[in-house]
Amino acid sequence: MQIYIRCLAAYNSGILHGAWIVASANIEELQEQIDAMLKRSPMPNAEEWAAHDYDQFPNMGEHPDLEDICDYVKLVDSTDLSQDCLDAVIENVHGNLNQAREDLERVIGVYHDFREYAEECADDMIACAESGTGISEFLAQYFDYDAYARDLQHDCTVLDVSGGVLVLRH
C-alpha cells in the first residue's frame, strides 16, 4: 500500500516533485517519509504536501489525516479479508473507519451469490430439523429456496465484491 505525496511548493511553481511513501501504522514513520521528500524538494523551505495518488489504498483525498492513514493500515492488518472485501466494507460506510471496524465483526463470508448463502442456511436448518428421522430430503423438496433467500436478504447487508458477494449480518 502506497501513497504518492507531492511537494506543493514545487507543484505550484510548475515542478513535479514527490515520492511514493509506504503506508504505515506508525504516524512518525509516515511523517519521516514525507519530511524526507520535502527535504529533497527543489524549492527551499518546502513544508506543504498533498496526496496525489493511491496504490492499493482507498482514496482519502488530497489532504488525508496521517492518523486516518495509520488507522486504515491497522484495519487491514487486523482482518483476513481480501483487499477487495475490505474496500467494499469501507465504501459501504462512506469511509467511516470506526463503522467499518464494527461491520467487520458482522462478516459472515463471501459467496458466489446471495442465493448460495441462503441455500446453505436453509440446508442447515433442514438438517437440524431432521434430528435423526431421515426427513431432511423430504423437507428439502418442498422448501421454497427463492422465497427464503428473498426474506433472508432483509436480515443481511450484501456487498458486491469480485467473484461474488460479501454477506454481513445486521
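A 4.5 Å side-chain heavy-atom check between M43 and I15 finds at least one atom pair inside the cut-off. Residues R6 and L16 are in side-chain contact: their nearest non-hydrogen atoms beyond the backbone lie under 4.5 Å apart. Using a 4.5 Å heavy-atom cutoff, the side chains of C121 and L152 are in contact. W49 places none of its side-chain heavy atoms less than 4.5 Å from the side chain of H63. Side-chain contact between D71 and V73: absent, with no pair of heavy atoms (C-beta onward) separated by less than 4.5 Å. Considering only heavy atoms from C-beta on, I3 stays 4.5 Å or farther from D53 through its side chain. Residues I34 and L66 have side chains in contact (heavy-atom distance under 4.5 Å, counting atoms from C-beta outward). Proximity of V110 to C85: side-chain heavy atoms (C-beta onward) are separated by under 4.5 Å at one or more points.
No more than 12 heavy atoms of other residues, nucleotides or ligands lie within 6.0 Å of CG in D80, so this atom counts as exposed by the packing criterion. The number of heavy-atom neighbours closer than 6.0 Å to CD of Q99, taken from other residues, nucleotides and ligands shown, is above 12. Atom CD of Q31 is surrounded by more than 12 heavy atoms from other residues, nucleotides or ligands within 6.0 Å. N45 CG: 12 or fewer foreign heavy atoms inside a 6.0 Å radius. Atom OH of Y11 sits in a sparse spot, with 12 or fewer heavy atoms from other residues, nucleotides or ligands closer than 6.0 Å. No more than 12 heavy atoms of other residues, nucleotides or ligands lie within 6.0 Å of CD in E91, so this atom counts as exposed by the packing criterion.
L104 is connected to I90 through a chain of hydrophobic side-chain contacts under 4.5 Å among Ile, Leu, Val, Met, Phe, Trp and Tyr, so both are in one cluster. Hydrophobic clustering keeps V107 apart from V165 (ILVMFWY residues linked when any side-chain heavy atoms are closer than 4.5 Å, directly or through intermediates). At a threshold of 4.5 Å between side-chain heavy atoms, the hydrophobic network of Ile, Leu, Val, Met, Phe, Trp and Tyr places L75 and V161 in one connected group. Cluster membership for I21 and L38, using ILVMFWY side-chain heavy atoms within less than 4.5 angstrom, is shared.
Side-chain atoms of Y72 do not come within 3.5 Å of backbone N or O of M60 as any donor-acceptor pair. A donor-acceptor distance shorter than 3.5 angstrom exists from the side chain of H170 to the backbone of C156, with no hydrogens or angles considered. At least one donor-acceptor pair under 3.5 Å links the side chain of D84 to the backbone N or O of S162. Between the side chain of E116 and the backbone N or O of H112, at least one donor-acceptor pair lies under 3.5 Å. In this structure, the side chain of N92 does not engage the main chain of A88 through any donor-acceptor pair within 3.5 Å. In this structure a side-chain-to-backbone donor-acceptor pair under 3.5 Å is present from Q33 to V22. Looking at T79, its side chain never comes within 3.5 Å of a backbone N or O of V76 through a donor-acceptor pair. Judged by distance alone, the side chain of H17 and the main-chain N or O of M37 form a donor-acceptor pair under 3.5 Å.
The pair D103-R106 counts as a salt bridge, with a side-chain nitrogen and a carboxylate oxygen less than 4.0 angstrom apart. A salt bridge links R115 and E119; the closest N-O separation between the charged side-chain nitrogens and carboxylate oxygens is under 4.0 Å.
Within the structure, ring-ring contact (aromatic ring centres under 6.0 Å, His included) pairs that include any residue of residues 19-41 comprise Y4-W20 (at least two apart or interchain).
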message = Apply side-chain contact (heavy atoms from CB on, under 4.5 Å) to residues T157 and V167 and explain how you reach the verdict.
response = CA-CA 6 Å; T157 299; V167 179; over 6 Å; no
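Through direct or indirect side-chain contacts shorter than 4.5 Å among Ile, Leu, Val, Met, Phe, Trp and Tyr, V93 is connected to no other residue.
Residues satisfying the ring-ring contact (aromatic ring centres under 6.0 Å, His included) test with Y117, not counting sequence neighbours, are Y111, F114.
Between the side chains of Q83 and D87, at least one donor-acceptor pair of N or O atoms lies under 3.5 Å.
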